[in-house]
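Here is the structure we will look at, set down as structure tokens.
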Amino acid sequence: MTDQNKRLATILQDLGSMYRYLGGENLFKAIAYMKASQAIKSLPDDISLYLKEGTVKEIPGVGKSLEKDIREFYSTGSISRFENLKKIVPHGLIELVDVRGFGPKSLKRLYEDLHVESKEDVVKALKDGRITKLKGFGPRKVENMLRGLKLHKQLEERMLLRDALEAGEKLLAPLKTLKEVKRAELAGSLRRRKETIGDLDILAAVKLKDRKKVVKVFTSPKLAQRVLAKGDTRVSILMQENGRQADLRMVDESEWGAAFQYFTGSKDHNIHLRRLARDKGYKISEYGIFTARNHKRLAGKTEEQLYKHLGMQYIPPEMREDKGEIELALKRAIPKLVEIKDIRGDLQMHSDWSDGLQTMEEIVDFVEKNFSYDYIAITDHTKSSRVARGMKDQEFLKQIEEVKVINQKQGRDFLKAGAEVDILADGALDLSDEILSQLDWVVASIHSGFSRNNTDRLIKACENSYVNCIGHPTGRLIGKREAYPVDIAALIEAAVGTGTALEINGQPERLDLKDEWANEAREAGVNLVISTDSHKYNDFYFMSLGVGVARRAWCTADNILNTKPWHDIVKLTSKGNLSVV
DNA sequence: GCCGTTTTCGGCCCGACTGTTTTCAGTCG
């Protein structure tokens, strides 16, 4: 996403939140602005291009009024509608509209009765008991607000992996253009693909005499909003992009491997390695591997060398958590982890038949242009998911026909007709058997009843003979919603027993199953599917985030269903021999 | 504010759940 698109999308998003705060008739404006914000985020090109070509109104969700807003933003950098609303809406409270436990009405009460104007004010009022005294704010409500704030805070302290990758690339790109920089990479937890990231770590190979110039670029106002520390080996800044801390470490090219290993971590992994090295009479530091006795340097230029000197296989960054990978590497039993190039198709996505932004044909064109997949499955929502414009049964019949037409035009069965079927309260599916039986791919997901224990519902869905896969199995949204209560071990057992696949959902906020559950599922022999759950063009790139989770779960290509040809997938998830429940 | 092969006006985000009430307002998905 370009910087300009990002700024515009943020303003539109804020406008949406402000209209939500105002409520009443404005609610529909709120929806319109949120939708437009999403659409801007998914644009492949900078908004200026659309303005130049006069195609702004072709962006879904952008009409006459939004076109005007966008023009104004382009020429002045802001939108007068936004500036005016700021005068009547407490802008400092807007970020809380989407926090669990709050909502427009509650915020309005807090603003009007307690005159709070910021999140900090709200926290203070919660602590000193002023909120508890308000009519309608009982202990459970207050407890929910506190929990919501806690989740929200988590996200403030840590970035989502996707956001961290984006921010990291923005720092990395200008460094890489410098001829003084021999090599530069993202290290730390980002390289290990953890689901959330605290600080960014960047490693660069630069000669001592050239470092001043590199520091100058890294600390320039374009990249840094504040410089925290500045030396010859380390520079810390708060990023212009998002105010988070980023550390640049500079080493000599000859030290690259040792430093890259050291700054990638994890801490536990490194401690274990150092202990191992000491036992063997070596010493490891960020500068290399040395003999303990006379401090003779043995290696350090590449990571591979370093691991080799310790008598072990190279360990992929995603595995470096000291969870048994070192023992495996010593036995030369590190699995060949799944890679993005192994993926042959995407098995959850939404078109404009439900809550996606693009038509099925547009999706097919986009995917063919940008990915080398063999198949994709359209999985629109069913009728219970009203918010997601879930489709009635009859519409699925029409959609199945259109899928056929598109495939005919293509001359191949690229597009699979599917559904993301709601699992109802009693575990039954929200789509008739008549239609389920005509679909190529059925993902079953829970979209309601998040507070109850959902194990039974999920197991019943696994036992349904039409269900191929359980979508986002725990329902969590990082920093927004905890996973619903579910006995994962029991779900995994049911998945193995019935031949139902479990999904690793690649949406940045979901990454669900998360790494440790995916690992347990893999060990139990579950077939995993990595999906993007795309709702718009750019979402298709979330596949790499899902692959990151799978690699953290030690998955090989063989563990992942969508690395296989379609006929194998059908074979592995068909339940012909299962007694229909 | 957007949208349209049921509509250029009147839909759209409604039903379930939760928490605080004592009949329902607000939130959630």
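All chains are named by letter (A, B, ...) in the order of the sequence lines, taking the proteins before the strands, and each is independently numbered beginning at 1.
- The residue Gly101(A) sits close only to the backbone: its heavy atoms come under 4.0 Å of sugar-phosphate atoms, none of a base.
- Aromatic pair Tyr375(A)/Phe414(A): ring centres not closer than 6.0 Å.
- For the pair Gln4(A) and Tyr74(A), the minimum side-chain heavy-atom distance is below 4.5 Å.
- Remark: Arg452(A) is in phosphate contact with dC17(B), judged by side-chain N or O atoms under 4.0 Å from OP1 or OP2.
- Taking the six-membered ring for Trp and the full ring otherwise, the centers of His535(A) and Phe542(A) sit at least 6.0 Å from each other.
- Taking atom C1' in both dC13(B) and dC28(B), one finds a spacing of 11 Å when rounded to whole Å.
- Here Leu27(A) lies out of heavy-atom contact (under 4.0 Å) with every strand.
- In this structure, the aromatic ring of Phe28(A) is positioned over the six-membered ring of the base of dC12(B), centres within 5.5 Å and planes within 30°.
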Listing time: all N or O pairs from protein to nucleotides 21-26 of chain B that are below 3.5 Å?
| unit_1 | atom_1 | unit_2 | atom_2 | d |
| --- | --- | --- | --- | --- |
| dT21(B) | OP1 | Gly136(A) | N | 3.3 |
| dG26(B) | O3' | Ser106(A) | OG | 3.4 |

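- Only the P atoms considered, dT8(B) is 16 Å distant from dC12(B), to the nearest whole Å.
- Of the residues in residues 81-99 of chain A, those lying under 4.0 Å from DNA chain B by heavy-atom distance are Arg81(A).
- Nucleotides dT22(B) and dC17(B) are separated by 23 Å at their P atoms, to the nearest Å.
- A 4.5 Å side-chain heavy-atom check between His381(A) and His350(A) finds at least one atom pair inside the cut-off.
- Using a 4.5 Å cut-off on side-chain heavy atoms (C-beta onward), Asp45(A) and Leu43(A) make no contact.
- Remark: the separation of the C1' atoms in dC2(B) and dT7(B) is 13 Å, to the nearest Å.
- The aromatic ring centroids of Phe371(A) and Tyr541(A) lie less than 6.0 Å from each other.
- At a threshold of 4.0 angstrom between heavy atoms, the contacts of Asn144(A) are confined to the sugar-phosphate backbone, with no base atom among them.
- The stretch residues 14-25 of chain A has no heavy atom under 4.0 angstrom from DNA chain B at all.
- One C1' atom belongs to dG11(B), the other to dT6(B), and the distance between them is 12 Å to the nearest Å.
- Rounded to whole Å, the separation between the C1' atoms of dT21(B) and dG26(B) comes to 13 Å.
- Within 4.0 Å of Lys35(A), counting heavy atoms only, lies no atom of the nucleic acid at all.
- Among the atoms of the strands shown, only primed sugar atoms or phosphate atoms (P, OP1, OP2) are found under 4.0 Å from some heavy atom of Ser451(A).
- Side-chain proximity of Arg386(A) to the nucleotides dG1(B), dG19(B), dC14(B) is greatest for dC14(B).
- Comparing the P positions of dT20(B) and dA25(B) gives an interatomic distance of 16 Å, to the nearest angstrom.
- For dG29(B), one of the phosphate oxygens OP1 or OP2 lies less than 4.0 angstrom from a side-chain nitrogen or oxygen of Arg481(A).
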